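Whatever order the structure lists ligands and atoms in, that order sets their numbers, starting from 1. Computed from a predicted structure; not experimentally measured.
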Amino acid sequence: MDAQQSSSIFPRPFVAPRTVMIRPLLLKPQWMNGLTERLLVSHYVNNYGGALRRLNAIRAHLATFDWARTPVFEINGLKREELIAASSVILHEVYFESLGGSGDNPPDALAEPPAELARALERDFGSVQAWRAEFTGIAKALAGGSGWVILAWSERLGRLVNQWAADHAHELPGAVPILALDMYEHAYHLDFGAKASAYVDQVMANLNWQRIGARYRQATGERADEDELFRPYGAPAQGDARISAEELKAALAGDSDRRPVLLDLCLPRDLPRRTDMLAGAVMHAPAALPRWVEELPRGRPIAVYCICGFQVSGTAVTELRRRGYDARALAGGITAWHAIGGATVPLDTSTYEEKRSIAPP
Ligand SMILES: [Fe+2]
């Protein structure tokens with residue numbers, strides 16, 4: 001994820017070079033328009049995370065193949081599964097990154113594409129409304145089945161296309177996905193039952209057009225420096241102030257004397273959203289930092305996490321680093337940890353500061 005600075009006391013965790021690393025949620029799952037946190041987090045952890053775990057397991061297994069001696073049915077079977085898993089990972093990332101509000105705000109249901117993308121949609125579909133009608137029409141036609149609808153940029157065709165896909169690995173060659181709409185039942189059943197049409201309309205009211213526009217610019221080779229759009233809001237900007245879930249997992253499996261100290265931070269209002277924690281973590285209220293910071297050992301790396309890795313862990317890590325601690329924020333929080341299959345233990349709030357004695361967030 002990032003280069004280790006020579007001054008850091010964080011161990012250099014060994015993450016296998018073939019590992020495809022998880023991407024954090026950029027949307028705030030508790031603040032979406034008509035899509036519940038339960039649905040979005042289940043989808044991210046179980047389906048996106050599941051595809052990512054499967055992909056990494058397949059790639060590790062493929063690396064052991066003796067290609068001249070492996071039976072062709074094993075090669076065919078595993079390469080097919082690898083393609084399906086990799087395509088699922090990539091499309092889920094486009095899907096989740098296309099949703100959510102801006103900064104700390106919920107999505108604006110009335111938001112429209114940025115001017116440049118709106119002009120491209122107008123050029124290729126007649127109008128933004130015509131594009132939307134076609135895109136949602138294709139999605140609703142997939143109701144009862146499964147698949148994806150993908151707005152993609154095709155360099156060969158010289159235009160944006162709405163692509164129909166019956167499964168994860170069904171793509172127009174060379175086309176770059178700009179926006180992907182997941183029409184597998186797992187994407188909506190928890191909230192909408194069989195009402196796939198209502199789900200499609202709700203997704204369209206949760207789009208983050210800034211990020212979709214940025215992806216269009218990247219696809220057409222006009223990439224601007226827009227990295228902050230694809231970083232969770234409030235996460236530290238510097239790479240060495242963040243740690244990926246895979247790196248943390250490797251670091252925790254290392255020498256016990258160099259293992260990071262784990263801090264679990266949670267706003268009082270978010271306590272009901274929590275059920276578990278990383279083994280060995282100590283839970284605190286962010287507002288009580290001046291008190292609990294005194295208990296932190298100097299000379300030990302510190303990994304801080306919150307639910308999704310937004311400003312709760314980001315703000316604390318910035319403050320801890322200002323005070324001279326080698327602290328890093330877990331990218332994607334405990335949600336990303338769950339998605340890579342990281343182990344947890346039941347939540348222990350015995351170290352959490354009394355709600356009445358801390359300032360409101
Ligand atoms: Fe999905």
For the residue pair Met277 and Ile334, what are the closest heavy atoms and their distance? CA-CD1, 3.8 Å
Would you call the rings of Trp148 and His92 parallel, tilted or perpendicular if under 30° counts as parallel and over 60° as perpendicular? perpendicular
Which N/O/S atom belongs to Asp182 and is the closest one to the Fe ion (ligand 1)? OD2
How wide is the angle at the Fe ion (ligand 1) spanned by His186 NE2 and His43 NE2, rounded to 10 degrees? 100°
Which atom name does His92 have for its N/O/S atom nearest to the Fe ion (ligand 1)? NE2
With the threshold set at 4.0 Å, does a side-chain nitrogen-carboxylate oxygen contact exist between Arg274 and Asp264? yes
Do the ring planes of Tyr48 and Tyr44 sit parallel (below 30°), tilted (30 to 60°) or perpendicular (above 60°)? tilted
